[in-house]
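Single-structure report; data block below.
We name chains A, B, ... by the order of the sequence lines, and we start the count at 1 in each one.
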Number of protein chains: 2
Amino acid sequence: MVTIAEVARQAGVSPSTVSYVLSRKRSISEDTRRKVEAAIDALGYHPHAGARALASNRSNILALMVPLRSDMYVPVIMEIAMAVTTEAREYDQDVLLLTKDEGTGGVRRIAGSGIADAIICMDVELDDDRIPVLRETSTPAVLIGLPADTDNLTCVDLDFDATGAACVDHLADLGHKEIALIGESEAVYRRHTGFAARTLTGFQRRAAERGLRAVHRTCEGTYESTAGVLARIFEERPGTTGFIVQNESAITPLLSLLRLSGRAVPEDTSVVAICPDQVALQSSPRLTSVSIPAQEMGRQAVRHAMAQLDGNHHHTLTLLPPHLTTRESSAAVAGG
Amino acid sequence: MVTIAEVARQAGVSPSTVSYVLSRKRSISEDTRRKVEAAIDALGYHPHAGARALASNRSNILALMVPLRSDMYVPVIMEIAMAVTTEAREYDQDVLLLTKDEGTGGVRRIAGSGIADAIICMDVELDDDRIPVLRETSTPAVLIGLPADTDNLTCVDLDFDATGAACVDHLADLGHKEIALIGESEAVYRRHTGFAARTLTGFQRRAAERGLRAVHRTCEGTYESTAGVLARIFEERPGTTGFIVQNESAITPLLSLLRLSGRAVPEDTSVVAICPDQVALQSSPRLTSVSIPAQEMGRQAVRHAMAQLDGNHHHTLTLLPPHLTTRESSAAVAGG
DNA sequence: GAATGATATCGAAGCGCTTCGATTCCGGTT
DNA sequence: AACCGGAATCGAAGCGCTTCGATATCATTC
């Protein structure tokens with residue numbers, strides 16, 4: 001283990017000078033800087049993380065709390081985690097991986113032990129129990145997702161309201177008059193992250209604005225459930241020609257069922273998905289979709305965390321605008 | 001920030017006593033222990049991670065290096081990462097997430113800064129450049145995957161040789177006489193992790209032992225490539241009735257192509273996959289498969305890392321035995 | 001040419017913990 | 001009654017770094 005003292009000796013300066021070369025907190029002559037940097041390279045010096053954390057009260061670590069086992073959206077979670085890690089390195093920060101099942105105890109541990117400078121929480125629920133702890137310990141934090149009460153919180157998420165609206169617009173522009181939103185399961189709308197509810201709001205508002213007839217159905221995502229939902233939709237609204245799907249597992253059933261019922265996509269029926277690009281590209285036909293901007297969310301989360309650490313307490317809600325990519329599953333309504 | 005001194009004051013003992021209560025390195029009277037623990041609870045004390053690392057030369061952090069963007073096997077990587085994190089907590093360790101693209105510099109940084117006690121490396125290549133650095137810095141490390149030279153290294157991986165053999169056995173037991181292995185792309189066999197080559201070895205050996213005619217083909221995984229491979233196989237060996245697939249992206253094409261060519265699975269042709277359970281279950285028909293034991297690999301990696309830190313330098317290769325699960329894609333050969 | 005203000009560097013204190021003697025207080029031996 | 005060894009506790013040193021004065025040097029200014 002090479003210490004700052006050894007570097008100082010090798011460079012012929014005092015340890016504090018080496019520290020200032022590294023931190024740039026005081027001016028250092030060009031000459032000294034070169035000598036110190038040469039010594040650092042020669043010895044392969046890396047500051048001891050613990051010592052640095054102890055003395056400076058900064059660990060240069062960001063904690064990232066991810067859901068332990070969410071069969072939903074694993075690739076999205078992974079993408080966010082990787083984006084956070086990569087972006088963090090830009091700020092010379094490392095990332096500590098925590099699982100959400102550590103719960104409030106995990107947050108307390110991080111806050112109390114000074115092992116991380118800030119926490120980034122994923123999979124935020126409407127009434128997330130980590131939030132009170134975050135407030136109480138006043139730990140710098142960024143949430144990926146929107147809780148019910150965002151007072152004094154920094155959050156990053158896709159603007160699901162605008163997403164719902166964008167999907168409606170896309171279908172409306174193509175001449176569709178009757179559309180349906182196939183959403184997540186009932187439970188998700190209550191308990192969970194609220195993204196589903198926000199999508200629904202945007203969907204309904206914009207449909208009203210554009211004069212479309214619009215229905216919404218929750219869906220468990222199984223083949224059977226999707227079949228039931230679809231049957232009811234066509235029963236009530238036989239003229240439905242546009243579908244918006246916000247339920248990864250319902251996509252494949254929906255496409256098969258439409259095919260089976262003799263409705264060609266996109267000739268007879270258009271489908272717009274809200275899902276990761278990967279999923280949209282794997283489907284056949286490839287889906288027109290609004291993607292989940294995982295990378296951008298990860299990056300923004302880190303930036304907001306760093307801003308908080310730098311004392312710029314903006315406490316903003318950052319809602320990323322949706323981007324709809326037109327692919328093969330949507331087209332102008334027949335005779336439209 | 002509550003310190004050990006405050007706990008000591010509250011409990012009416014000296015700081016060192018509190019430390020010994022926590023570390024159990026010296027005997028403490030039952031009475032004192034209770035008082036100290038009460039004080040800890042009352043104050044919500046958590047030892048300062050940096051201070052502890054500095055004084056004890058142990059950070060209680062495990063570094064985990066994951067591939068940054070591997071479109072292959074994202075769920076497996078995620079599962080391993082989660083298993084590592086969960087298991088690490090059992091040993092009171094935290095996990096620091098690094099991306100493989102930090103390369104040898106990343107390893108040097110971890111080794112030099114004492115930020116982690118050990119490194120767990122995923123996505124190990126045959127001739128991985130991180131290995132020399134690991135040796136040179138003598139950093140405790142566990143590799144998930146097998147490099148070419150495993151001298152003095154601790155590695156954990158699925159026993160792919162036995163996996164190849166197990167797939168052959170399964171097909172042989174069902175009466176198949178001519179089988180084919182559809183593998184990864186050419187490049188993977190050379191450059192990469194060697195798991196492909198090991199599977200091939202086991203496949204060929206066992207096929208010979210059981211007197212089966214066996215062919216092996218590399219495959220890029222696209223629909224076109226899979227079609228070409230399949231055509232060549234049936235041209236050379238029209239009697240082929242059993243397929244082993246070790247290429248996630250070739251699975252769907254293979255199944256469609258077999259269906260198109262009028263070969264029913266499993267009535268006419270059996271398919272055995274080497275893939276995560278998730279993939280095997282999503283396919284239709286659900287695939288007989290050898291799963292990738294992601295959880296177990298993660299858990300074992302942590303255990304070996306901890307063993308090294310405790311001075312039990314076993315430096316073992318841990319090859320996990322394959323488990324083949326029979327599902328709907330394999331059956332006794334017609335008339336067998 | 002003495003006072004002034006930057007600029008560059010040093011020295012020492014201190015961050016919160018662990019750990020190594022040293023010390024105290026026992027009951028049990030001789 | 002003096003001694004011993006073990007159990008329980010304390011005190012202080014020190015881990016490697018940052019940071020805050022203090023100091024030294026030098027170019028400006030009147």
### Task
Look at Lys25(A) and dT18(D) and indicate whether a side-chain polar atom (N or O) is within less than 4.0 Å of OP1 or OP2.
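Negative; the distance criterion is not met.
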### Message
Tell me whether the side-chain N/O atoms of Ser14(A) come closer than 4.0 Å to OP1 or OP2 in dC10(C).
### Response
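For dC10(C), OP1 or OP2 has a side-chain N or O of Ser14(A) closer than 4.0 Å.
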### Query
For DNA chain D, whose closest nucleotide is more 5', that of Met1(A) or that of Thr17(A)?
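The residue mapped nearer the 5' terminus is Met1(A).
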Reckon [X] touches a base, only the sugar-phosphate, or nothing at all at heavy-atom distances under 4.0 Å?
{"X": "Ser29(B)", "answer": "sugar-phosphate"}
{"X": "Ser16(B)", "answer": "base"}
{"X": "Ser56(A)", "answer": "sugar-phosphate"}

Choosing from [options], which nucleotide comes nearest the side chain of [X]?
{"X": "Ala55(B)", "options": "dA8(D), dC17(D), dG16(C)", "value": "dG16(C)"}
{"X": "Thr32(A)", "options": "dC10(D), dT9(C), dT18(C)", "value": "dT9(C)"}
{"X": "Val13(A)", "options": "dC10(C), dC10(D), dT18(D)", "value": "dC10(C)"}

#### Entry: Presence of donor-acceptor pair under 3.5 Å, side chain of Tyr20(A) and base of dC20(D)
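Side chain to base: pair found, below 3.5 Å.
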### Query
Hey, does the side-chain of Arg26(B) have a donor or acceptor N/O within less than 3.5 Å of a partner on the base of dT9(D)?
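Between dT9(D) and Arg26(B), which were checked side chain against base, a qualifying N/O pair under 3.5 Å is present.
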### Atom CG of Asn57(B): over 12 foreign heavy atoms under 6.0 Å
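Not more than 12 within 6.0 Å, no.
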### Query
Is any side-chain N of the basic residue among Glu102(A) and Arg109(A) closer than 4.0 Å to the acidic one's carboxylate O?
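Salt bridge between Glu102(A) and Arg109(A), a charged N being under 4.0 Å from a carboxylate O: yes.
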